[in-house]
Visitor: 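Pasting a structure here, questions to come.
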Amino acid sequence: MRIIFLGPPGAGKGTQAQFICQDRNIPQISTGDMLRNAIAEGTKLGLEAQKIMERGELVSDDVILGLVRDRLRQPDCENGCLFDGFPRTVAQADGLNDANIAVDVVFELQLSDELIVRRISGRRVHEESGRIYHIEFNPPKVDHLDDVTWQPLVQRHDDSEAVVRARVEVYREQTAPLVDYYKNSGVRYFEIDGDATVDEIRNNIRERLIAAEV
Ligand code: AMP
């Protein structure tokens, strides 16, 4: 089973992806996390990607498709995976098709532009694991600390308001065309209201997956 989570920044893709991957025992393929790891490791790719990410722009399709193809060769992807933040352009979606990587379900998490900024300003992450929190909507058990390791949480550099606005624009221009792309492709496509609680969204996605019999 391969699932795609589509949606603007702050819609809850990463948070919900973590739940589904745990439920279904499939890996979460977050190209954003992969790029952040490359930055943390100081690789050439990381150094190049960092500047692009700080501006809220997209890393090139070739680089992203290379990363994803390598990742899909790992044995843990045998039973499927959940793509979180990929594909982000029509060229990336075509790249999946060309490699005969079939997608079964697409979830589009929808959120208005006003809510996106509010959501993102409260977002905090545990850098090492990628666990995501929100100071208001999904707080950690102890303020500012990760629930599992008790290490401090941080705010992503590209979660500042100016960069978020750029990311939303990039989403509307380059990623939103994937809505029609997948709606017309015959895959099961579900629109999810991202303006609900974390638990409500989680249940909504679970129910739809069960109803879709995947
Ligand atoms: P995310 O964590 O998914 O919000 O991604 C953070 C940033 O990484 C994005 O703003 C882009 O600069 C870059 N990025 C992540 N995934 C992709 C992708 N599939 N294509 C191009 N750039 C990406």
Side-chain angles (χ1 to χ4, degrees), residues 1-42 46 49-50 53-54 56 67-68 71 74-77 79-86 105 107-111 115-161 163-164 167-168 190 192-210:
M1 174 189 29
R2 292 200 195 88
I3 303 173
I4 289 178
F5 271 18
L6 199 62
K13 299 187 299 294
T15 301
Q16 297 296 334
Q18 289 172 356
F19 296 140
I20 301 297
C21 288
Q22 230 167 23
D23 281 359
R24 300 260 161 176
N25 199 22
I26 52 173
Q28 174 186 2
I29 301 192
S30 158
T31 41
D33 282 348
M34 290 161 87
L35 294 169
R36 281 184 287 277
N37 286 340
I39 293 173
E41 285 164 10
Q50 187 166 22
M53 290 167 77
E54 280 171 358
L67 279 177
V68 171
R71 181 65 187 84
Q74 304 294 315
D76 63 334
C77 295
N79 295 325
C81 64
L82 190 157
F83 293 115
D84 158 18
F86 171 88
V105 189
F107 285 104
E108 181 199 345
L109 279 81
Q110 301 175 327
L111 200 67
L115 284 176
I116 290 171
V117 176
R118 193 164 146 227
R119 282 277 189 84
I120 292 210
S121 58
R123 173 152 80 180
R124 299 291 181 273
V125 292
H126 176 240
E127 267 186 315
E128 219 171 85
S129 66
R131 274 185 287 278
I132 304 163
Y133 301 86
H134 189 285
I135 49 178
E136 193 183 339
F137 306 121
N138 185 27
K141 291 183 184 126
V142 177
D143 280 355
H144 318 298
L145 300 181
D146 176 51
D147 287 353
V148 178
T149 62
W150 305 102
Q151 287 168 338
L153 302 176
V154 297
Q155 186 166 33
R156 273 170 48 176
H157 296 297
D158 60 348
D159 280 352
S160 69
E161 189 169 333
V163 181
V164 170
R167 287 163 63 201
V168 171
F190 299 109
I192 302 287
D193 179 8
D195 183 17
T197 66
V198 169
D199 282 344
E200 282 164 351
I201 300 174
R202 178 184 191 162
N203 290 334
N204 195 355
I205 293 174
R206 267 188 186 154
E207 279 165 20
R208 282 162 196 254
L209 271 179
I210 292 167

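Here the structure is a predicted model, which means the values were calculated and not measured. Residue numbers run from 1 in the order of the sequence given.
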Visitor: Do you know which two heavy atoms are closest between A49 and L35, and how far apart they sit?
Guide: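 Minimum heavy-atom separation between A49 and L35: CB-CD2, 4.0 Å.
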Visitor: Would you say the side chain of L153 lies within less than 4.5 Å of the side chain of R131, judging by non-hydrogen atoms?
Guide: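 No; the side chains remain at least 4.5 Å from each other.
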Visitor: Are E128 and D146 close enough that some pair of their side-chain heavy atoms sits under 4.5 Å apart?
Guide: no
Visitor: Between R202 and Q16, does a side chain to side chain contact (heavy atoms under 4.5 Å, CB included) hold up when you go through it step by step?
Guide: CA-CA 6 Å; R202 178 184 191 162; Q16 297 296 334; 3.4 Å; yes
Visitor: Starting from the C-alpha separation in whole Å, work towards a yes-or-no answer on side chain to side chain contact (heavy atoms under 4.5 Å, CB included) for H157 and Q50.
Guide: CA-CA 10 Å; H157 296 297; Q50 187 166 22; 5.7 Å; no
Visitor: Would you check if P9 and I120 make a side-chain contact, meaning some heavy-atom pair closer than 4.5 Å?
Guide: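 Contact flag for P9/I120 side chains = yes.
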Visitor: Hey, is the main chain of I4 close enough, under 3.5 Å, to the side chain of K13 for a donor-acceptor pair?
Guide: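 Judged by distance alone, no pair lies under 3.5 Å.
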Visitor: On a heavy-atom basis, which atom in C77 and which in I29 lie closest, and how many Å separate them?
Guide: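 Result for this residue pair: SG-CD1, 4.0 Å.
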Visitor: Could you check whether any side-chain heavy atom of N138 comes within less than 4.5 Å of a side-chain heavy atom of I132, counting everything from C-beta outward?
Guide: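 Side-chain contact under 4.5 Å: no.
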Visitor: Is there a side-chain contact between R167 and I116, using heavy atoms and a 4.5 Å cut-off?
Guide: no
Visitor: For residues V117 and E161, determine if any side-chain heavy atom of one lies less than 4.5 Å from a side-chain heavy atom of the other.
Guide: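 Side-chain contact under 4.5 Å: yes.
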Visitor: To the nearest 0.5 angstrom, please state how far the CD1 atom of I205 sits from the CD atom of E200.
Guide: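 Reported to 0.5 Å precision, the distance equals 12.0 Å.
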Visitor: Without swapping roles, check the side chain of Q110 against the backbone of D195 for a donor-acceptor pair under 3.5 Å.
Guide: no
Visitor: Counting N and O atoms only, with roles assigned by atom type, does the side chain of R206 sit under 3.5 Å from a partner on the main chain of D23, one being a donor and the other an acceptor?
Guide: no
Visitor: With D147, which residues qualify under salt bridge (charged side-chain N to carboxylate O under 4.0 Å, His left out), at least two apart?
Guide: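 With sequence neighbours excluded, D147 shows a salt bridge (charged side-chain N to carboxylate O under 4.0 Å, His left out) to no residue whatsoever.
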Visitor: If we only count heavy atoms from C-beta on, is the L82 to Q18 side-chain gap below 4.5 Å?
Guide: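 No, every pair of side-chain atoms sits at 4.5 Å or beyond.
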Visitor: Identify the two heavy atoms, one from E54 and one from V163, that lie closest to each other, and give their separation to 0.1 Å.
Guide: O-CG2, 3.4 Å
Visitor: Sequence neighbours excluded, which residues qualify as salt bridge (charged side-chain N to carboxylate O under 4.0 Å, His left out) partners of R36?
Guide: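 So R36 forms a salt bridge (charged side-chain N to carboxylate O under 4.0 Å, His left out) with D33.
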Visitor: Drop me the distance from I201's CD1 to I192's CD1, to the nearest 0.5 angstrom.
Guide: 8.5 Å
Visitor: Could you state the interatomic distance from CZ (R118) to CD (E136), rounded to the nearest 0.5 Å?
Guide: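 Taking CZ in R118 and CD in E136, the distance rounds to 5.0 Å.
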Visitor: Return the CZ to OG1 distance between R123 and T15, rounded to the nearest 0.5 Å.
Guide: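 Reported to 0.5 Å precision, the distance equals 7.5 Å.
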Visitor: Does the pair I3 and R24 meet the rule for a side chain to side chain contact (heavy atoms under 4.5 Å, CB included), with working shown?
Guide: CA-CA 11 Å; I3 303 173; R24 300 260 161 176; 5.5 Å; no
Visitor: Which residue pairs pass the ring-ring contact (aromatic ring centres under 6.0 Å, His included) test with at least one member in residues 118-146, sequence neighbours excluded?
Guide: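 Applying ring-ring contact (aromatic ring centres under 6.0 Å, His included) to every pair that reaches into residues 118-146, excluding sequence neighbours, yields H134-F137.
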Visitor: Within the 4.5 Å heavy-atom criterion, are I20 and F5 side-chain neighbours or not?
Guide: yes
Visitor: Nearest heavy-atom pair of Q28 and A17: which atoms, and what distance?
Guide: NE2-CB, 3.7 Å
Visitor: Where do D158 and V164 come nearest, in terms of heavy atoms and distance?
Guide: O-CG2, 3.9 Å
Visitor: Passes side chain to side chain contact (heavy atoms under 4.5 Å, CB included), F86 versus L67? Steps please.
Guide: CA-CA 11 Å; F86 171 88; L67 279 177; over 6 Å; no
Visitor: Output yes when R71 and D76 qualify as a salt bridge under the 4.0 Å nitrogen-oxygen rule, no when they do not.
Guide: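 Looking at D76 together with R71, the answer is yes, because their closest N to O distance falls below 4.0 Å.
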